[in-house]
Amino acid sequence: EPEVTQTPSHQVTQMGQEVILRCVPISNHLYFYWYRQILGQKVEFLVSFYNNEISEKSEIFDDQFSVERPDGSNFTLKIRSTKLEDSAMYFCASSVGLAGETQYFGPGTRLLVL
Amino acid sequence: SQQGEEDPQALSIQEGENATMNCSYKTSINNLQWYRQNSGRGLVHLILIRSNEREKHSGRLRVTLDTSKKSSSLLITASRAADTASYFCATAGRSYNTDKLIFGTGTRLQVFP
């Protein structure tokens, strides 16, 4: 069964460093998402992406964040200058379409900023 | 106040018992989805119920949706120790330009053998 994959599974970085989190969505899906979950808290929406552009972003998704689909398979989240409060689990998700389609989540990347 | 809130926050039961988790939300929705998360792991999609549906079954799972009360419930019948996890509801709004999911706070289910 197709699934969303994410790399790396864990990332430790120093405050101020740039990190790139990678995702490979399910191949026939057209809509892509990033969410994050700070330890012990609820899952929060960051950004949605369709047709090579951002379709919606949350207040969390400030200028330090960017997303890209550099080729036909990868979908990346870049954090330009990490802060301590960026430590969280980051989930990528994809869906076939909008209007109520199931979003399938990857296993997550646990980011720790020291 | 938050869009999705589950209750109870935590639930402990014995194997073989049924587990019921509830979710309330505040805005109009297109659909409501339930996810499961094992400790520190990814989110596994369980079931999606659309706003025009009232009940849906999948194996040992039964989901109901009451849009007039803005609430949903997830019933797991004949629970097993392997069902131990956190369960989240997530709502998708009625906008057709986006489908961001708004997650609830989750219910931690512990099933004792």
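Letters A, B, ... mirror the listed sequences (proteins, then strands); counts begin at 1.
Contact of the A:F105 side chain with the B:Q37 side chain is not registered, since no non-hydrogen atoms from C-beta on lie closer than 4.5 Å.
For A:E56 against B:K100, the heavy-atom pair with the smallest separation is OE2-NZ, 3.3 Å. When every heavy atom of A:F91 is checked against every heavy atom of B:R41, the shortest pair comes out as CZ-O, 3.6 Å.
Atom CZ of B:R60 sits in a crowded spot, with more than 12 heavy atoms from other residues, nucleotides or ligands closer than 6.0 Å. Summarising the local packing, CG of A:L39 is surrounded by 12 or fewer heavy atoms from other residues, nucleotides or ligands at distances under 6.0 Å. More than 12 heavy atoms of other residues, nucleotides or ligands lie within 6.0 Å of CG in A:D71, so this atom counts as buried by the packing criterion. Other residues, nucleotides and ligands place more than 12 heavy atoms under 6.0 Å from the CD atom of A:E85.
With sequence neighbours excluded, the residues that form a side-chain contact (heavy atoms from CB on, under 4.5 Å) with A:K57 are A:V47, A:I54, A:F61.
Heavy atoms of A:Q41 lying under 4.5 Å from chain B are absent altogether.
The distance from the CD atom of B:Q33 to the CD atom of A:E101 is 9.0 Å, given to the nearest 0.5 Å.
Under the 3.5 Å distance criterion, the side-chain polar atoms of A:Y35 are matched with a main-chain donor or acceptor of B:L101.
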